[in-house]
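Heads up, the thing below is written out as structure tokens.
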Amino acid sequence: MDALDAKYPFFATAREAVADAAVSLPELVAADAPAVERARERVERALMDGTVASESGAFPAESAYDAQAELLSYPIARILVSLLDSEPAIGKYAAAEAATAIDRIREDLATDDGLRSVSTPTVALDDVLAEFDLTEAVRPESPRPAPGTGGGAAATGAGSAPGRGPEHYWIAVGAYLRLTSPSWGESWRLVNRALADGEVRVSREELLDALEAAVEDRVREGLPFELAAGEGIAAELESGVADLKRLLSERTYAGPVDVVAPDLFPPCMRNLIDKAERGTDLSPPESFALMAFLVGIGMSPDEVVAFCADTSLDAEGIRYQTEYLSDDRGSQYPPPTCETLANYGICHNEEDHMQVAADPLAYYEQRVAEADEITDWREENATAAEAGSE
Ligand code: SF4
């Protein structure tokens, strides 16, 4: 089996490879093959850590699993997540598959052509665009001045960094609207974009954000499978599903700390708030991490909107994200772990406090428990609101 299919198991060629392979998933599951163990890990890591990368190491060089186990673990993981019977779990799983894929695509694109090798196969951006029928919809910005961008500035920004490709792309407006969401922040609204001849200008990183959304949609497609509990493959996977359900309930058992003490927030969250207060847009992972944290400590959507009133985050986007995160489905969306935030460059592990807690919420809870005196932002906010109305 092709290592590239194993790396990107949602690609059409990977699906064909699974269909062509002379293996039966029920037999693999009955035999508890390595693909089954890897599938369990895939789902567990998705739900707990927001990634599906194996803890054994990066595929293929360091992973404990071969290409066959890696590839076949994907359809088995989809069965497992279907059996969890939880819409948020499916959403989180799809988001984790997409986040992991985009990390891999980013690494592949950073790999200079001259360094590509057969043992570590890589995709090119054109391959990814073709996979999602975006070949006609996305074009790199040419070095000439871009329409509607002030000419010279665009020409400067359009340059290709050696080995990286162009810094900007133009994407057809229909594809842009399909793949992005205004809830990602003000800068994603069409009115705030350079738009010319039916195309929207995006940076390279923004194009990757849009592709991440495309991967997530692809992974979500067809989930959950209709499987009769207690029969066939569902019966074989019963104990794995029970373990995953237990993990989910443990993870969501502890109630929120329910005190808002910004002085005690961990540095990663303080940095994000400072950045937004300076008027700088947060990237989708940054905004998700912050919203998940604020909801995780027990703030309601209204409180988060008030708390972020003087920042670059817009009320509508905040409401959209926090309402989803705070309903009973969203309770299974804990804030990303310190490890995940470090991968996104959000955590700088000041004073090595990653040793203290595995995620920002746990770190905050610890600081709240240790604090002698706490002033809750809610009380201050209510007092200020009362004073303002007098
Ligand atoms: S170690 Fe964890 S809590 Fe601390 S800054 Fe990093 S992500 Fe935040």
Side-chain angles (χ1 to χ4, degrees), residues 1-21 39 42 46 51-53 58-60 63 67-68 70-78 81 90-91 93-113 116-141 160 163-181 184 199-200 202-223 225 284-285:
M1 282 183 185
D2 191 327
L4 204 54
D5 289 337
K7 216 166 146 184
Y8 302 109
F10 48 83
F11 275 14
T13 53
R15 280 194 286 206
E16 282 162 22
V18 172
D20 293 346
R42 210 170 181 112
T51 176
V52 297
F59 180 81
S63 173
Q68 171 159 338
E70 187 69 22
L71 174 59
L72 295 175
S73 71
Y74 176 71
I76 299 172
R78 289 170 63 81
V81 86
I90 290 172
Y93 168 70
E97 285 282 1
T100 309
I102 225 67
D103 282 349
R104 290 175 178 171
I105 290 170
R106 195 176 277 114
E107 273 172 31
D108 283 1
L109 301 185
T111 306
D112 190 74
D113 277 346
R116 289 173 200 264
S117 74
V118 178
S119 60
T120 54
T122 54
V123 284
L125 185 60
D126 285 351
D127 303 329
V128 183
L129 294 176
E131 179 67 34
F132 294 103
D133 287 332
L134 291 168
T135 303
E136 300 298 322
V138 177
R139 67 174 175 87
E141 184 168 270
S160 301
R164 287 205 66 209
E167 290 298 318
H168 289 91
Y169 291 81
W170 287 87
I171 175 167
V173 70
Y176 179 86
L177 291 174
R178 180 163 50 83
L179 294 174
T180 69
S181 164
W184 294 358
E199 294 178 311
V200 185
V202 293
S203 69
R204 182 186 173 83
E205 271 308 307
E206 287 169 337
L207 177 61
L208 290 176
D209 289 338
L211 289 172
E212 185 170 342
V215 176
E216 191 172 333
D217 287 350
R218 170 78 60 88
V219 173
R220 277 197 79 113
E221 232 171 71
L223 290 179
F225 299 139

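All of these numbers come straight from a predicted model, not from anything done at the bench.
- Minimum heavy-atom separation, A39 to A77: CB-N, 3.6 Å.
- The shortest distance between side-chain heavy atoms of D217 and F10 does not fall below 4.5 Å.
- Between V215 and R218, the closest side-chain pair of non-hydrogen atoms is not below 4.5 Å.
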Would you please test L134 and R178 for side chain to side chain contact (heavy atoms under 4.5 Å, CB included) and show each step? CA-CA 11 Å; L134 291 168; R178 180 163 50 83; 3.7 Å; yes
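- Residues E206 and H168 fail the side-chain proximity criterion, which asks for heavy atoms closer than 4.5 Å.
- Y8 and D127 form no side-chain donor-acceptor contact under 3.5 Å, judged by distance and modelled atom types alone.
- Between V52 and A46, the shortest heavy-atom contact is CG1-CB, 3.9 Å.
- In plain terms, the two heavy atoms of E131 and A12 that are nearest each other are OE2-N, 2.8 Å.
- Counting all heavy atoms, side chain and backbone alike, L129 lies closest to L211 at CD2-CD2, 4.1 Å.
- Within the 4.5 Å cutoff, the side chain of L109 has heavy atoms near those of the L208 side chain.
- Between Y74 and V18 the shortest side-chain heavy-atom distance does not fall below 4.5 Å.
- Of all heavy-atom pairs spanning A14 and P9, the tightest one is CB-O, 3.4 Å.
- Here the side chains of R42 and E97 are in contact, with some heavy-atom distance below 4.5 Å.
- A salt bridge does not link E70 with K7: none of the charged nitrogens is closer than 4.0 Å to a carboxylate oxygen.
- The two residues A67 and A6 have their closest heavy-atom pair at O-CB, 3.5 Å.
- Within the model, atoms CG of L4 and CZ of R104 stand 10.5 Å from one another, a figure rounded to the nearest 0.5 Å.
- Contact annotation: the side chain of V219 approaches that of R78 to within less than 4.5 Å [non-hydrogen atoms, C-beta and beyond].
- Counting only heavy atoms from C-beta outward, the side chains of V81 and L223 approach each other to under 4.5 Å.
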